[in-house]
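Here's the structure, in structure tokens; my notes come after.
First the proteins, then the strands, lettered A, B, ... as listed; each starts at 1.
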Number of protein chains: 2
Amino acid sequence: MAALDLFGRRWSLRILWELRAGPLGFRPLQKRCDDMSSSVMRQRLTELLDARVIHQLPDSRYELTPLGQEARHALNPLARWAEHWAATIDPHLADRTDDRSAGGAPHADTVGEGSPEGKP
Amino acid sequence: MAALDLFGRRWSLRILWELRAGPLGFRPLQKRCDDMSSSVMRQRLTELLDARVIHQLPDSRYELTPLGQEARHALNPLARWAEHWAATIDPHLADRTDDRSAGGAPHADTVGEGSPEGKP
DNA sequence: TCCTTCGCTTCGATTACCGAAGCGGTCGTC
DNA sequence: GACGACCGCTTCGGTAATCGAAGCGAAGGA
């Protein structure tokens, strides 16, 4: 349950995901994460460090711990589902021209685009 | 990637997880989610509805769609990892008094919740 | 009728998040 | 040695997300 809280925070899953290929420094990692805020990034990093999911190399790069590797692998089915999901709902989105119901199509329809709703 | 945005929001993973056993009404679901805010819950529900992950029964209860079921199954390895993770870091927590953030299960309480992951 | 529960909404007050700027440090180049 | 160009990381003001409590109309049970 605590894991749902840890990973329920913004960018934490993404950070875990972006470290899958190997260790990354602060700024390279930041760039990979859609240029997320450095302050939030530091927050997530300390949280993940504290959770023993990542650790810091002598050259100060971040790397998945064995525990983190397992988490990343555990994330694989979800990633696979995401593809299936995107393939399923994207056609729907392309179809809807007159549909404004359901509170207005919040979620991002494309990769990396995160401007759900709440347009003041 | 868009999935990381959808599930990166607070409570969305939790809602998905709590619906695993079957359909639930608004308030029962709310109670199961650590009594989360009803306003945010409505937000998440519409997002998940819009994402075709859940749908509403004639009696207005919420249920996972087939797509949602797959997502829930894709979440299983992560849940299994969470147990392993909790077992690994909980002993560490006994030592530290500075348990800010992740490791200490901020408000989602501890993992020991009767039968954590086993089938109820 | 009274009382409870339901799905759901509204609203003020925290909190999380963003974005840009900045600091001290290392490295390569002139 | 002075100059950039990066680096890890921090601080800060503004904006968006989240909370918590209250409330509404409807559907039941006693």
For residues [X] and [Y], report the shortest heavy-atom separation together with the two atoms involved.
| X | Y | result |
| --- | --- | --- |
| A:P23 | A:L57 | CB-CD1, 3.6 Å |
| A:L64 | A:R72 | CD1-CB, 4.0 Å |
| B:F26 | B:M41 | O-CE, 2.8 Å |
| B:C33 | B:I15 | SG-CG1, 4.0 Å |
| B:L16 | B:A71 | CD2-CB, 3.9 Å |
| B:L49 | B:H55 | CD2-CA, 3.5 Å |

Under 4.0 Å from any heavy atom of chain A: name the first and the last nucleotide of DNA chain C that qualifies, 5' to 3'.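 First-to-last contact on DNA chain C, by the 4.0 Å heavy-atom rule, is C:dC17 to C:dG22.
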Point-to-point distance, once rounded to the nearest 0.5 Å, from [atom1] of [X] to [atom2] of [Y]:
| X | Y | atom1 | atom2 | answer |
| --- | --- | --- | --- | --- |
| B:L45 | B:Q30 | CG | CD | 10.0 Å |
| B:I54 | B:E47 | CD1 | CD | 10.0 Å |
| A:L4 | B:E18 | CG | CD | 8.5 Å |

Is it true that a side-chain atom of A:R44 and a backbone atom of A:R42 form a donor plus acceptor pair closer than 3.5 Å?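 Side chain of A:R44 to backbone of A:R42: no pair is present.
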Interatomic distance, [X] [atom1] vs [N] [atom2] [rounded to whole Å]:
| X | N | atom1 | atom2 | result |
| --- | --- | --- | --- | --- |
| B:Q43 | D:dA17 | CD | P | 7 Å |
| B:D34 | D:dC19 | CG | P | 10 Å |
| A:M41 | D:dC7 | CE | P | 11 Å |

Between A:M36 and B:S39, just flag the one whose closest nucleotide in DNA chain C comes earlier from the 5' side.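 Nearest-nucleotide comparison on DNA chain C picks B:S39.
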For residues 56-68 of chain B, which residue pairs qualify under salt bridge (Lys or Arg N to Asp or Glu O under 4.0 Å), counting only residues two or more places apart or in two chains?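 Listed by first then second residue: B:D59-B:R61.
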By ring-ring contact (aromatic ring centres under 6.0 Å, His included) - contacts of A:W81 (at least two apart):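 A:W81: ring-ring contact (aromatic ring centres under 6.0 Å, His included) contacts with A:W85, B:F7.
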Let's see if you get this right: which residues in residues 57-64 of chain A place a heavy atom under 4.0 Å from DNA chain D?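 A:S60, A:Y62 - these, ordered by number, are the residues of the stretch whose heavy atoms sit under 4.0 Å from the strand.
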Which residues in residues 24-33 of chain A have a heavy atom closer than 4.0 Å to any atom of DNA chain D?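 Listed by number, they are A:G25, A:F26, A:R27, A:P28.
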What protein N or O atoms touch nucleotides 26-30 of chain D N or O atoms at under 3.5 angstrom, if any, and at what distances?
none

Take A:R14 and B:D5, measure what side-chain contact (heavy atoms from CB on, under 4.5 Å) needs, and give me the verdict at the end. CA-CA 9 Å; A:R14 177 69 172 269; B:D5 188 70; over 6 Å; no
